[in-house]
Novice: 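This is the structure I have questions about; it appears just below.
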Amino acid sequence: MSDAPEVQVKATSNGIPVPSFDLPLPDRPEIITANIQKLTELTPNPRHRFIFKALIKHLHQFINETSLTTDEWMAAIDFLTRTGQKCTPLRQETILLSDVLGVSALVDSLNNPIAGGATENSVLGPFLTEDAADVNFGESIASEGKGDYMYVEGRILTTDGQPIPNAVIETWETDANGFYDIQYEDRTHPDCRGRLRSGDDGRFGYRAVVPVAYPIPGDGPVGELLLLLGRHNMRPNHLHMMVEAPGFHKLVTAFYPDGCDYLRSDSVFGVKKSLVVNLKDIVDDEEARKRGFPHGDSFKLLQYDIVLLTEEQSTAMRAGIEEERYTITEIIKSTKS
C-alpha cells in the first residue's frame, strides 16, 4: 500500500464575495422576490441584468397569479428534465418545446423585421443537421423513391433586384412518409437535404420531392404537452431553406404549398401569408428528362425568388422597431403615473 497521505478535496465557492448590502430574511413571499431582484442588480453585463430582472419579475408574477402548487412545480421540473434528456446530437426536443409554445416564431419575427420586399423568415425547427451533402445546380437532394418529384428554382436577389452570386443555400424536407432522414434509426447518410450555391446570376435549382404534412415527434415530453393542451401535433407540408451570403442578413425560412388543411393551425406557428406558394403541375416527358427526373412525365414546380436584406438594412430595421417599442413603453408608463 502507498504511504502517500490521502488528499482531501474540499468544496469551494465561486469566488464572488457576499454582497455589500444586507438582505432581510425571506420570511414572506414578497421578500423572496425583492431579494432576488436586488441581487440581480449585481449582474455586471447590462443586457444580462435587464433580461434576468424581467425574467424573474414575470416568472414570480406567474407563480403568484396561478398560485402554483408544489406538486405542479415539481411536475414542471420533471418535464423540463425529461425534455433535456430526450435531446441527442440529431434530435432537439428543447427547440421543439420552444416551437410549440410559439417562442421560436415570436423571437424570429422580432429579430427579422422585413422591408423592401425581402423574403420573410419562418421557424428553423429541430431537424437541421450539419452533414448535408453539397449539391450542384439541377441535382437532387432526395434519393429515388422518396416521394413525388418536385423541382425548385429561383434567384437570390437584393432588395433592388440585383443577383447575389455564391449564396449558400441549405435546404431540407420530409419524405413522402412524413419523416425527416434523422428520424430513421437505420440512417446511414443524409437524405432529402442538401447544400448548394447560387450562380453568378443569382439562380439556383435542384430536384426534391413534394413535402407532406407530418406530425412533430410525439414520443417525448413535448408530445405529452400537446395532448395535455388538447392541440394537434401536425405541421403543414413545407420545404425548409436557409440562405447566407457575405454582407447579408442570414435568412431562415420555409415555403408552404397552398391547400394544406394545417396551414392556419400549424403546431409551431411558422406559416406566413407571403410564404404560401402554388406548385405548378408539369406534365411533359421531355421537360421531366431535361430537369433530370429519371422516371415518369410529370413533376411539381416550385418557383420563388428569395430577397435578402443587407446586414445594414436589417440592423437599421431592428433599431427602428426597438426605438418605436421604447417610445410606446414610455407612453404607457406616463399614462399610469
Side-chain angles (χ1 to χ4, degrees), residues 45-48 50-51 92 94-95 98-99 102-132 134-135 137 141 152-173 193-206 208 238-256 266 268-277 302-328:
N45 183 288
R47 177 62 178 171
H48 294 168
F50 171 77
I51 290 173
Q92 245 298 352
T94 307
I95 290 180
S98 172
D99 289 347
V103 176
S104 299
L106 180 58
V107 172
D108 283 349
S109 292
L110 290 174
N111 284 274
N112 295 279
I114 295 302
T119 302
E120 290 193 276
N121 68 294
S122 188
V123 292
L124 175 67
F127 296 110
L128 174 66
T129 69
E130 301 295 329
D131 64 349
D134 291 326
V135 176
F137 187 95
I141 66 170
V152 184
E153 65 181 12
R155 297 174 297 166
I156 309 297
L157 303 172
T158 65
T159 53
D160 57 2
Q162 296 302 306
I164 302 175
N166 209 34
V168 178
I169 304 165
E170 194 99 18
T171 182
W172 64 103
E173 63 171 338
R193 65 178 71 242
R195 185 182 302 111
L196 57 149
R197 292 177 181 269
S198 60
D200 292 340
D201 56 0
R203 293 189 179 278
F204 65 89
Y206 61 95
H238 59 278
L239 174 74
H240 290 278
M241 293 185 75
M242 182 170 71
V243 186
E244 296 183 81
F248 291 87
H249 186 64
K250 180 169 75 171
L251 173 68
V252 177
T253 193
F255 300 107
Y256 300 83
D266 180 8
V268 304
F269 311 98
V271 183
K272 295 178 180 176
K273 186 177 180 179
S274 67
L275 301 178
V276 177
V277 297
L302 194 169
Q303 294 174 307
Y304 200 100
D305 288 342
I306 295 173
V307 180
L308 301 183
L309 292 172
T310 64
E311 287 290 6
E312 290 79 7
Q313 287 174 315
S314 178
T315 299
M317 282 291 297
R318 290 199 301 273
I321 290 175
E322 288 173 6
E323 182 178 353
E324 180 181 353
R325 191 180 302 138
Y326 175 79
T327 301
I328 293 173

Novice: I need the Met241 CE to Leu275 CG distance, nearest 0.5 Å.
Specialist: 11.5 Å
Novice: Working to the nearest 0.5 angstrom, can you tell me the gap between Phe255 CZ and His240 NE2?
Specialist: 11.5 Å
Novice: To the nearest 0.5 Å, how far apart are CG in Asn112 and CG in Leu309?
Specialist: 8.5 Å
Novice: For a side chain to side chain contact (heavy atoms under 4.5 Å, CB included) with Ile156, tell me which candidate from Val307, Ile169, Leu251 qualifies.
Specialist: Ile169
Novice: Does NZ in Lys272 sit with more than 12 non-hydrogen atoms of other residues, nucleotides or ligands closer than 6.0 Å?
Specialist: yes
Novice: Just by modelled atom types, is the Leu239 backbone N or O under 3.5 Å from a matching donor or acceptor in the Thr171 side chain?
Specialist: no
Novice: If you measure from CD on Glu244 to CG on Leu308, what distance do you get to the nearest 0.5 Å?
Specialist: 10.0 Å
Novice: Holding to side-chain contact (heavy atoms from CB on, under 4.5 Å), I want the full list of residues that pass it with Leu110, two or more places apart in sequence or in another chain.
Specialist: Leu106, Arg325
Novice: Given Val123, which of Ser104, Ser98, Ser109 fulfils the side chain to side chain contact (heavy atoms under 4.5 Å, CB included) condition?
Specialist: Ser104
Novice: So, using salt bridge (Lys or Arg N to Asp or Glu O under 4.0 Å) as the criterion, who are the partners of Asp266 when residues are at least two apart?
Specialist: Arg235
Novice: Can you name the residues that form a side-chain contact (heavy atoms from CB on, under 4.5 Å) with Asn45, not counting sequence neighbours?
Specialist: Arg47, His48
Novice: With sequence neighbours excluded, what pairs up with Thr315 under the side-chain hydrogen bond (donor to acceptor under 3.5 Å, both in side chains) test?
Specialist: none
Novice: To the nearest 0.5 Å, what is the distance between CD1 on Ile114 and OG1 on Thr159?
Specialist: 10.5 Å
Novice: Provide the full list of salt bridge (Lys or Arg N to Asp or Glu O under 4.0 Å) pairs with a residue in residues 302-315, sequence neighbours left out, each pair given once.
Specialist: Arg155-Asp305
Novice: For atom CZ of Phe137, decide whether the heavy atoms of other residues, nucleotides or ligands shown that lie under 6.0 angstrom number more than 12.
Specialist: yes
Novice: How close do Gln303 and Glu153 get, heavy atom to heavy atom, and via which atoms?
Specialist: NE2-OE2, 2.7 Å
Novice: Who passes side-chain contact (heavy atoms from CB on, under 4.5 Å) against Glu130, sequence neighbours left out?
Specialist: none
Novice: Return the set of residues passing salt bridge (Lys or Arg N to Asp or Glu O under 4.0 Å) with Arg203 (not counting sequence neighbours), or none when no residue passes.
Specialist: Asp201
Novice: Check ring-ring contact (aromatic ring centres under 6.0 Å, His included) between Phe204 and all other residues, then give those that pass, not counting sequence neighbours.
Specialist: none
Novice: Taking Ala167's backbone N and O only, do any of them form a donor-acceptor pair with Ser198's side chain (distance below 3.5 Å, no angle check)?
Specialist: yes
Novice: Is the shortest heavy-atom distance from the side chain of Arg197 to the side chain of Asn166 under 4.5 Å?
Specialist: yes
Novice: With sequence neighbours excluded, tell me which residues meet side-chain hydrogen bond (donor to acceptor under 3.5 Å, both in side chains) with Thr94.
Specialist: none
Novice: So, taking the atom named CE in Met317 and the one named NE2 in His249, what distance separates them when rounded to the nearest 0.5 Å?
Specialist: 10.5 Å
Novice: With sequence neighbours excluded, tell me which residues meet side-chain hydrogen bond (donor to acceptor under 3.5 Å, both in side chains) with Tyr304.
Specialist: none
Novice: Taking only residues two or more places apart in sequence or in another chain, which ones pass ring-ring contact (aromatic ring centres under 6.0 Å, His included) with Phe269?
Specialist: none
Novice: For Thr310 and Thr158, what are the C-alpha separation, side-chain angles and deciding distance, and is it a side chain to side chain contact (heavy atoms under 4.5 Å, CB included)?
Specialist: CA-CA 8 Å; Thr310 64; Thr158 65; 6.0 Å; no
Novice: Would you say Pro126 and Asp99 make side-chain contact, with heavy atoms under 4.5 Å?
Specialist: yes
Novice: How about Val252 and Asp108: do any of their side-chain heavy atoms sit closer than 4.5 Å?
Specialist: no
Novice: Around atom CG of Asp200, are there more than 12 heavy atoms of other residues, nucleotides or ligands at under 6.0 Å?
Specialist: no
Novice: Using the side-chain contact (heavy atoms from CB on, under 4.5 Å) criterion, which residues pair with Glu170? Sequence neighbours excluded.
Specialist: Leu128, Ala132, Trp172, Arg195, Met242
